[in-house]
4 protein chains.
Amino acid sequence: MPRNPERDQQLREQRKKLLLDSALQVIAKRGIGLTSIQDIAKAAGLSVGNVYTYFSSKDELFSELLRRAQTEYGISVTLLAELDEDPLLKLRRMCAEWLALETNWAFTIILQTVRTNEMVPADIRQAVTDRFTANLEPVADIMRQGQRSGQILNGDPLQLALYFVSLIQGLTLQQAPGYVIPVPVNPDDIVRLFEAKNTHAKNI
Amino acid sequence: MPRNPERDQQLREQRKKLLLDSALQVIAKRGIGLTSIQDIAKAAGLSVGNVYTYFSSKDELFSELLRRAQTEYGISVTLLAELDEDPLLKLRRMCAEWLALETNWAFTIILQTVRTNEMVPADIRQAVTDRFTANLEPVADIMRQGQRSGQILNGDPLQLALYFVSLIQGLTLQQAPGYVIPVPVNPDDIVRLFEAKNTHAKNI
Amino acid sequence: MPRNPERDQQLREQRKKLLLDSALQVIAKRGIGLTSIQDIAKAAGLSVGNVYTYFSSKDELFSELLRRAQTEYGISVTLLAELDEDPLLKLRRMCAEWLALETNWAFTIILQTVRTNEMVPADIRQAVTDRFTANLEPVADIMRQGQRSGQILNGDPLQLALYFVSLIQGLTLQQAPGYVIPVPVNPDDIVRLFEAKNTHAKNI
Amino acid sequence: MPRNPERDQQLREQRKKLLLDSALQVIAKRGIGLTSIQDIAKAAGLSVGNVYTYFSSKDELFSELLRRAQTEYGISVTLLAELDEDPLLKLRRMCAEWLALETNWAFTIILQTVRTNEMVPADIRQAVTDRFTANLEPVADIMRQGQRSGQILNGDPLQLALYFVSLIQGLTLQQAPGYVIPVPVNPDDIVRLFEAKNTHAKNI
DNA sequence: TATGAATGAGGGTTCATTCAT
DNA sequence: GATGAATGAACCCTCATTCAT
């Protein structure tokens, strides 16, 4: 199989993805502060020096990790919003999926770390914040859909979206592995907070 | 003004408080992982070595910082719960106060960081989690009060308390200084999520 | 000359040996308590951080240093014991060789320091003590050989070995470079202490 | 009781002695490397700063400690040498006393540390070595007495004294607390090494 | 490209010594 | 004199990054 620029580029992308996935795994286990390039390289089965072939710095790797995760999340929530389905069910699915994946926990931590850490370059912080804000839109859409059908509370849909996402993220952060708060968490109960007041009355 | 043991002790306490306050400021800016003893000492105007006159290690300082903040918060929310006042108003107050103080922002970040950071020793993490859980109780009490008067949603009060606190903390984390998400946050709207569905209808 | 794993391993071993030799030199001069990684690195012409590429900690380096020295000594004294030679001559040789080499002086100092220094972790101390005790055996063998031929004093051979080794080590310690005690030291005279009382003249 | 210069001087001497004794105790327990001014002060029930009222530096304290110990030892061994007693018995007593006191262990370690450590100022090292050499004299005297009575081996008495003292010190160093070499040590057996060859024959 | 040794800055911590009270 | 807080240098160790092979 002869080398060609296209195939090289493909391999490069594969390696980058491998490194990013490995990074997320390690961070999920060790926490962001204890994750070194060494750890990531080992988890990916590459050498330390080789990591720098694909990412110019640790910051760039983390930044790229966030970019991809946020983009993926944005796509997935946009698709969800566009589904022809009960809005409340959509919220429930978001909630359940988010709380289920352990990697989301790591991702949320990285997100917060980057957004609250002044050591992170301003442009990266800005980019992360912008994507976060943009990703509120599809959630706000779901809220709007629910409001139209009278299933979801009135009020600024963007605000509701922010509350919903903040609640989920807040809960995610409580789930530090091994130190769980002894209170059950239930997607249905969470979604219920956003249901319109007279839902039941109506139904009855 | 000659020295005496009492005055010495007083000065000691003052210095400890100064260091803890400085630490809070710095951590809020840099994040816990990047906050060095050097930073704290500089912020407090002391030498690095002198920090160890008051705290035997960085861990102890952080642990003490959290202990104090959580204890203070616990007392304040307990007092709030015991007030003879509209439960919804109590929630509103909690919410407003929490989102108003910048120190709460720093404190929330530290709290989350400690609970999610493997660099923090396990026993400290456990202690923090335990206090966090204990501090849910007064909030659950408020929920119970509201449920008895029909003002607050039915369901496990402890769970509702966890949701409420998580939501506030989640929102707090979004408020990174300088990179605010362009969505207004309103305590009344937040409390509304926890109101009983047919409150108004009933009352009317 | 391209790199390959074998050659890498070889270089690694060379570097380790270089570091251990440098450490021995420095410790001999400064004493174990005042020898820093910095000193060792400088003596070896390497950077401080690089030392940790080869040894995971200062303790491990010291421990390895002792392990090698004691193992080498054990082999050499075992070989000596097995020689087909006059036992008294064997003792004389041990004595002369030991007092002659300056590295033995350094080694003795380290040995004693480790065994008497609470800064050294307990397990390392135990290992050193165990090897020291084991290395008494070959010397005791020599004593037994001499006792069989009536050339060496009666009594517990292990005890005699301990006395012999302690005497040599005690003398070694007196030989601090530049501050020598003005008393001549003579291997023959030392060995004479262990000769049987009425050996030759009387028996013949 | 009014102050007067004489009494002040007395108190000063008492405090110095207290500090030196405390230092020896602590060193015997912790080892020289782990003994800090703080430890010594605490053991003596004084404050850290106050130690510097009596000794200008840690080095001076250690140096003074050695000076006193060596002087005391010198006096005691001189008295022993002048006793009208069997020379072999004298050696036996020296040996037994030396190996019995735990503080002698600490003292021997300090002695060796100072003599083999180039960080110690040259003049202190020289002084220690000189006193050590001087203290060999009384031991040599005992040897001479024994040689005159035919009880002790022939040869340079000073050399024999050095061997005897080195042997005792070597054995002392083996007795690191908690890591004892499993070989019994017996003063009688040690003295026997220095007995004249045909002692028994003669006696019989 | 791939490797991992090498570097150097920085972090936590200790401790002899000084100094204001 | 007595106290213990304050200082600053030094120590061990880690880790992002570079570089020779």
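Residue numbering restarts at 1 for every chain, and letters A, B, ... go by the order of the sequence lines.
- A:Arg7 places its CZ atom 15 Å from the C1' atom of E:dT1, with the value rounded to the nearest Å.
- Of the residues in residues 20-27 of chain D, not one comes within less than 4.0 Å of DNA chain F through any heavy atom.
- For A:Phe107, the ring-ring contact (aromatic ring centres under 6.0 Å, His included) partners two or more places apart in sequence, or in a different chain, are A:Trp98.
- With sequence neighbours excluded, the residues that form a salt bridge (charged side-chain N to carboxylate O under 4.0 Å, His left out) with A:Arg67 are A:Glu64.
- Residue C:Arg30 contributes atom CZ, which lies 13 Å from atom P of F:dA10 at whole-angstrom precision.
- Phosphate contact (OP1/OP2 of E:dG11, side-chain N/O of B:Gln38, threshold under 4.0 Å): present.
- The list of side chain to side chain donor-acceptor pair (under 3.5 Å) pairs with a residue in residues 15-24 of chain B, not counting sequence neighbours, reads B:Lys17-B:Asp21.
- Listed by chain and number, the residues in a side-chain contact (heavy atoms from CB on, under 4.5 Å) with C:Lys58 are C:Ile37, C:Phe62 (sequence neighbours excluded).
- Applying a 4.0 Å cut-off to non-hydrogen atoms, the residues of residues 47-62 of chain A that approach DNA chain E are A:Ser47, A:Gly49, A:Asn50, A:Thr53, A:Tyr54, listed by residue number.
- In this structure, CD of C:Gln9 is placed 17 Å from P of E:dT3, rounded to the nearest angstrom.
- The side-chain contact (heavy atoms from CB on, under 4.5 Å) search around D:Leu11 returns D:Gln14, not counting sequence neighbours.
- Under the salt bridge (charged side-chain N to carboxylate O under 4.0 Å, His left out) criterion, A:Arg12 pairs with no residue at all, not counting sequence neighbours.
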Base-pairing string, 5' to 3', of DNA chain F - Watson-Crick or wobble, under 3.5 Å, | interstrand
.||||||||||||||||||||
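- Proximity of C:Gln25 to C:Lys29: side-chain heavy atoms (C-beta onward) are nowhere separated by under 4.5 Å.
- Rounded to whole Å, atom P of F:dC11 lies 11 Å from atom CD1 of C:Ile40.
- Under the salt bridge (charged side-chain N to carboxylate O under 4.0 Å, His left out) criterion, D:Glu60 pairs with no residue at all, not counting sequence neighbours.
- Atom CD1 of C:Ile37 and atom P of F:dC12 are 6 Å apart (whole Å).
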Side-chain donor-acceptor pairs under 3.5 Å in residues 42-51 of chain D, sequence neighbours left out?
| unit_1 | atom_1 | unit_2 | atom_2 | d |
| --- | --- | --- | --- | --- |
| D:Ser47 | OG | D:Asn50 | N | 3.3 |
| D:Asn50 | OD1 | D:Thr53 | OG1 | 2.9 |

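- Taking atom CD of residue C:Gln10 and atom P of nucleotide E:dG4, one finds them 16 Å apart after rounding to whole Å.
- You'll find that the side chain of C:Arg3 is closest to F:dT21, out of F:dC15, F:dT21, E:dA16.
- Remark: C1' of E:dG12 and CG of B:Leu34 are 15 Å apart, rounded to the nearest angstrom.
- Mapping D:Leu46 and B:Arg15 onto DNA chain F via the closest heavy atom, the residue that lands nearer the 5' end is D:Leu46.
- Contact of the D:Leu19 side chain with the D:Leu65 side chain is not registered, since no non-hydrogen atoms from C-beta on lie closer than 4.5 Å.
- Every salt bridge (charged side-chain N to carboxylate O under 4.0 Å, His left out) that B:Asp8 has, sequence neighbours left out, goes to B:Arg3.
- For the pair C:Asp8 CG and E:dA2 P, the interatomic distance rounds to 17 Å; values are reported in whole Å.
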